[in-house]
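Below is one structure; the comments refer to it alone.
Quick caveat: nothing in here was measured; it's all calculated off a predicted structure. The analysis underlying the following values was restricted to heavy atoms, covering all of them including side chains, and did not include hydrogens, waters or symmetry mates.
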Amino acid sequence: MSSTLFRTKKVEQSILDTEEPEHALKKSLSALDLTVFGVGVIIGTGIFVLTGTVAKNNAGPSVALAFVVAGVVCALAALCYAEFASTLPVAGSAYTFSYASLGELPAWIIGWDLVLEFALGTAVVAVGWSGYIASLLDNAGWHLPEALGSRDAADGFGFDILAAALVLLLTVILVLGMKLSARITSLVVAIKVTVVLVVIIAGAFFIESKNYDPFIPKAQEVEAGGGLDSPLIQLMFGWAPSNFGVMGIFTAASVVFFAFIGFDVVATAAEETKDPQRAMPRGILGSLLICTTLYVAVSVVVTGMQHYSELSVDAPLADAFKATGHPWYAGFISFGAAVGLTTVCMILLLGQTRVFFAMSRDGLLPRFFSRVHPRFKTPHRPTILLGVLIAVVAGFTPLSELAELVNIGTLFAFVIVAVGVVILRRTRPDLHRSFRTPWVPVLPILSVGASLWLMLNLPAETWVRFGAWMLLGVVVYFLYSRSHSRLGRQEETTVGEVLRPPGRGEM
């Protein structure tokens, strides 16, 4: 039984499956498209909101170092993703990589994890976008009924119609084709990068050096029951995380990590890339480098404009400009945040549909969902299904407590991919790798350690929810996926042919 649970799918077979006419995606993306996708999904609420939160509560001006730490953790994982995506340019990202290296059950588990991660990420971002748009409408004198606004603000029954409408609109765009999605993403990314650059350049003129003193505030012990209190760390290491100080930087890094989520989504588009061997590493690493640079610059500027203890938690960038007597920038930043979140939502939805599509093509989910549209060459069936489901979730569910599941799901995927690189190097040294992760196995081991460290900084409640979802996934695998696995059926057919007695003509 264990041999069937850990049976691997050959890289050559995975690539061959992408050539089946009814299950083949159209190749239309370039390295620039992938980089834009990466920037489009990474730059979102994190840069506009988390900067103030972690500066005020955890790191002070050294929040810039927290972004560097989180960026380094992502870079370690990105190098592993780049090797896999260029060697195995197939939809599915970490799921497909795991199937080729770790086996079917681990692949199913990581695929199940990614479905949750991208679904919740899409819904959370859609709700955040709805809040920005509702605020802009209020400023213009247009007020939505409370029952059609944010579920967090509504009493009793409520449906966030703006969040649901955004998800449905993006679903239609994704069904119509990848190239259209790339064009819209490019336009929106240009707008929000412009907003970020305006914040950096304009804000630099209002920096006061006294606000950087002290750059790393004195450490304070986290109070019991605090939002970032981690019983797991106390249990395993015997100490509580700190606000401020050097350890405060690492605690802050586990929070701002949410701002980097998305570069791994680029890997899900490998099958739709024209030259994945070159384009995937450039798109993954390029987008991460650009976004890390922008994050560090923004955090340096905002903590220089206003003392970290006075920063706003809800809208730190906008309020910092208000505090310096320039309220016009506040509206400009809110507009950029609202526009920018549309691409974050769309690319997360894109990533989820590609993972779902890859799992259905392998038979682990119903094969009905693996047929592409005859005209647009997109996986329209899973896109429509997931788009409608996420629209309902975003409309009805307050998701603030579930947002941390996105973090732990992403970090878990990082661990699996890093381990997979080491295993595939040993089991398939003959594979041509146009991009090779340097310093294997040292760098993947560092990636695993860094990801696990950030996971341990998350609340225990997040681990419980994550464990419950994984347990449900295992149940689904044994009840359905294991018996419907396409790879399993191919193996049964091969064994049957070997054991079948020869006929008369074969004597």
Side-chain angles (χ1 to χ4, degrees), residues 1-25 80-81 83-115 264 267-273 276-277 280 351 353-372 379 382 412-413 415-434 473-474 476-478 480-498:
M1 180 177 177
S2 61
S3 62
T4 62
L5 298 181
F6 295 95
R7 55 193 173 203
T8 58
K9 185 177 181 180
K10 291 184 178 181
V11 171
E12 294 81 359
Q13 182 61 52
S14 295
I15 296 176
L16 190 63
D17 287 348
T18 67
E19 300 174 358
E20 298 176 354
E22 294 182 341
H23 309 283
L25 300 173
C80 298
Y81 270 88
E83 174 171 325
F84 259 129
S86 59
T87 306
L88 185 56
V90 178
S93 185
Y95 158 75
T96 302
F97 307 157
S98 301
Y99 213 162
S101 56
L102 299 176
E104 185 172 280
L105 180 59
W108 163 262
I109 291 175
I110 194 62
W112 185 254
D113 163 59
L114 291 175
V115 167
D264 56 318
T268 65
E271 192 173 326
E272 295 159 275
T273 304
Q277 286 72 25
M280 291 308 303
T353 59
R354 270 43 179 185
V355 173
F356 199 97
F357 167 79
M359 295 175 74
S360 66
R361 188 165 57 189
D362 289 332
L364 301 184
L365 290 172
R367 289 269 290 172
F368 170 81
F369 295 106
S370 65
R371 292 183 180 273
V372 299
F412 180 62
V415 170
I416 295 298
V417 170
V419 172
V421 166
V422 177
I423 292 177
L424 202 63
R425 284 282 188 97
R426 291 182 176 274
T427 58
R428 292 298 307 275
D430 57 304
L431 281 178
H432 172 69
R433 295 168 170 85
S434 56
V474 171
V476 173
Y477 173 78
F478 282 103
Y480 177 88
S481 303
R482 182 167 174 265
S483 59
H484 289 79
S485 167
R486 194 179 177 194
L487 180 61
R489 291 186 175 184
Q490 290 173 348
E491 290 180 350
E492 290 175 1
T493 301
T494 302
V495 172
E497 290 177 350
V498 171

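- Note that the CG atom of Asp17 and the CD atom of Glu12 stand 11.5 Å from one another [nearest 0.5 Å].
- Under the side-chain contact (heavy atoms from CB on, under 4.5 Å) criterion, Thr427 pairs with Ile423, Leu424, sequence neighbours left out.
- Within the model, atoms CD1 of Ile110 and CZ of Phe97 stand 11.0 Å from one another, a figure rounded to the nearest 0.5 Å.
- Using a 4.5 Å heavy-atom cutoff, the side chains of Leu5 and Arg482 are in contact.
- Residues Ala91 and Leu25 share a closest heavy-atom pair of CB-CD1, 4.2 Å.
- Minimum interatomic distance between Pro89 and Ala270 (heavy atoms only, all atoms of both residues): CA-CB, 3.7 Å.
- Within the structure, the salt bridge (Lys or Arg N to Asp or Glu O under 4.0 Å) test picks out the following pairs touching residues 93-115 (sequence neighbours left out): Arg7-Glu104.
- Between Phe412 and Leu114 the shortest side-chain heavy-atom distance does not fall below 4.5 Å.
- Listed here is the closest heavy atom pair of Val11 and Leu431: CG2-CD1, 3.7 Å.
- In this structure, the separation between CE on Met280 and CG on Leu88 is 11.0 Å, given to the nearest 0.5 Å.
- Listed by chain and residue number, nothing satisfies the side chain to side chain donor-acceptor pair (under 3.5 Å) test with Gln277 (two or more places apart in sequence, or in another chain).
- Between Phe6 and Pro106, the closest side-chain pair of non-hydrogen atoms falls below 4.5 Å.
- Considering only residues two or more places apart in sequence or on other chains, Glu83 meets the salt bridge (Lys or Arg N to Asp or Glu O under 4.0 Å) condition with Arg425, Arg433.
- A donor-acceptor pair is defined here as one N or O able to donate and one able to accept, closer than 3.5 Å; no such pair exists between the side chain of Trp112 and the backbone of Val474.
- Taking all atoms of both residues into account, the shortest heavy-atom contact from Tyr477 to Leu105 is CD2-CD1, 3.6 Å.
- Atom-to-atom distance recorded for Tyr480:OH and Ser485:OG is 10.5 Å, nearest 0.5 angstrom.
- Between Ser93 atom OG and Tyr81 atom OH the span is 4.5 Å, to the nearest 0.5 Å.
- The heavy-atom pair separating Pro21 from Val372 by the smallest distance is O-CG2, 4.2 Å.
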For Glu22 and Arg367: C-alpha separation, side-chain torsions, deciding distance, then whether salt bridge (Lys or Arg N to Asp or Glu O under 4.0 Å) applies.
CA-CA 11 Å; Glu22 294 182 341; Arg367 289 269 290 172; over 6 Å; no
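- Judged by distance alone, with hydrogens and angles left aside, the side-chain atoms of Thr353 form no donor-acceptor pair with the main-chain N or O of Pro382 at under 3.5 Å.
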side-chain contact (heavy atoms from CB on, under 4.5 Å) between Val90 and Phe84, intermediate numbers included
CA-CA 10 Å; Val90 178; Phe84 259 129; over 6 Å; no
Give the table of side-chain donor-acceptor pairs shorter than 3.5 Å for residues 355-364, with sequence neighbours excluded, one pair per line with atom names and distance.
residue : atom : partner : partner atom : Å
Ser360  : OG   : Phe356  : O            : 3.4
Ser360  : OG   : Phe357  : O            : 2.8
Ser360  : OG   : Ser370  : N            : 3.4
Arg361  : NH1  : His23   : O            : 2.9
Arg361  : NH1  : Glu271  : OE2          : 2.9
Arg361  : NH2  : Glu271  : OE1          : 2.8
Asp362  : OD1  : Lys9    : NZ           : 2.4
Asp362  : OD2  : Tyr95   : OH           : 2.6

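- Looking at residues two or more places apart in sequence or on another chain, you find no salt bridge (Lys or Arg N to Asp or Glu O under 4.0 Å) involving Glu19.
- Taken to the nearest 0.5 Å, the OG atom of Ser483 stands 7.0 Å off from the CZ atom of Arg489.
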